[in-house]
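These notes concern the structure reproduced below.
Here the structure is a predicted model, which is why all the values come from computation and not from measurement. Letters A, B, ... are given to chains in the order of the sequence lines, protein chains preceding strands, and every chain is numbered from 1.
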Amino acid sequence: GVAEQLTPVLLDGLTEESLQLVSKLKDSSSSCAVDVSTVWWEAAGSKELCVVTACESSVSLWKPLASNGWEKIYTWQLREVPVIQIVPLPDTCNLVCIALGDLEIGEIRLLLYSSENDSFKQSLVRTGNIKAVLGLKDRRLVSSSRTVCEQQVEVVSLSETGRSRDGRTLMPPEETVLAFAEVEGLQDALVGTTAVNGVVVWNLRTGQLLKKMHVGYSYPASVCHQAYSDSGLLFVVLSHPHAKESESCGNPAFRVVAFNPKTARSTGVIFSSLPAGHTGRYLEGDVKDACAAAVLTSGAVAVWDLLLGRCTALLPPGPQGDWALVRWATTTACLLAGQRNGTVCLYQY
Amino acid sequence: CSESDLGPISLNWFEELSAEAPS
């Protein structure tokens, strides 16, 4: 369980100097890694940025060592329902949130350490047919769930000990909400993307559904990752797992779309595609600030500057196989890239 | 993008839509 020493590498082509391997960890007990994330963890008076790795039946917390290696602190066992994803909670400490289920999310749990009885614990936050979940600032969690007749969109506040306090219901649209994103520059706003390629905007404070806008038919199944409010416009970062390649913009993994929420009109602003000569479609990815990273069908990881629409780094598949996961740490200075065998590489960006 | 593409832009869109939307 102890990580390997760092091995700096230089990457080929456009990637030189932009991504540098800092350290690597390998969960030898992991059969099939499903997600990776980071969390601030405070123990014995020292607060450190730790790595969280998840496989289907367990979630492990890793602490950095002085030697650039990693030590596993604890593993939570989750044997009844498979883990689907880690749900990062921004600005929180000593709290890991996970989504579990079979084909779709059936429950959300918190993993934590209780100083009251000096033990690691887990607690159930909610159950249901959950379609989307996002950790919000100020230790809140928003999720959409669906029954045959109705959809519920709920924001839950979490206490320091993990127990959920009072929840607020947001007004649901008719269409199923499949992803959420917070809006930078507008504290009380939340956006979501729906199953029919719509973008919806809520007021988190009042629960009102403010606007429904359409992304357009050229990019089906768009998923929102991040939004920014500026100069009276709402800029939404969307990924396009099913986008068709076009001559004008190649094969866009991400697109920044400007919406005028007053009129619901929109226009594509910046396309983030692979540079000429590289192939691969978007499989999964992560966006933080103006940086986007994605795993591609080619098994590579690509990184873009969303403001320039330019691919700034490309990580080819490793000697042990394709990349499966890519996440930003709490800042875009650190990128985590994972393989299905449980290997996680930390890169400085 | 120009205003003609997107229609009239309001810097206070969030407050204005919150005042108009059903609660």
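Not counting sequence neighbours, B/Trp13 has no partner by the ring-ring contact (aromatic ring centres under 6.0 Å, His included) test. With sequence neighbours excluded, no residue forms a side chain to side chain donor-acceptor pair (under 3.5 Å) with A/Asp305.
Taking every heavy atom of both residues into account, A/Arg265 and B/Leu6 meet most closely at O-CD2, 3.5 Å. Contact record, A/Asn203 with B/Ser18: ND2-OG, 3.0 Å, taken as the closest heavy-atom pair. Among all heavy-atom pairs drawn from A/Trp202 and B/Phe14, the shortest one is O-CE1, 3.8 Å. Scanning all heavy atoms of the two residues, the minimum distance from A/Ser231 to B/Leu11 falls at C-CD2, 3.5 Å. In terms of heavy atoms, A/Leu210 sits closest to B/Ala21 at CD2-CB, 3.9 Å.
Between chain B and the residues A/Gly232, A/Gly268, A/Ser266, A/Ser229, the most heavy-atom pairs under 4.5 angstrom are made by A/Gly232.
Applying the salt bridge (Lys or Arg N to Asp or Glu O under 4.0 Å) definition to pairs two or more places apart or across chains, those involving residues 7-19 of chain B are A/Lys262-B/Glu16.
With values rounded to the nearest 0.5 angstrom, B/Ser10 atom OG is found 10.5 Å from A/Leu233 atom CG. Interatomic distance, B/Ile9 CD1 to A/Thr263 OG1, rounded to the nearest 0.5 Å: 8.0 Å.
Of all residues spanning residues 171-189 of chain A, those with a heavy atom less than 4.5 Å away from chain B's heavy atoms are A/Met171, A/Leu186, A/Asp188, A/Ala189, arranged by number.
A donor-acceptor pair under 3.5 Å is formed between the side chain of A/Asn260 and the backbone N or O of B/Pro8.
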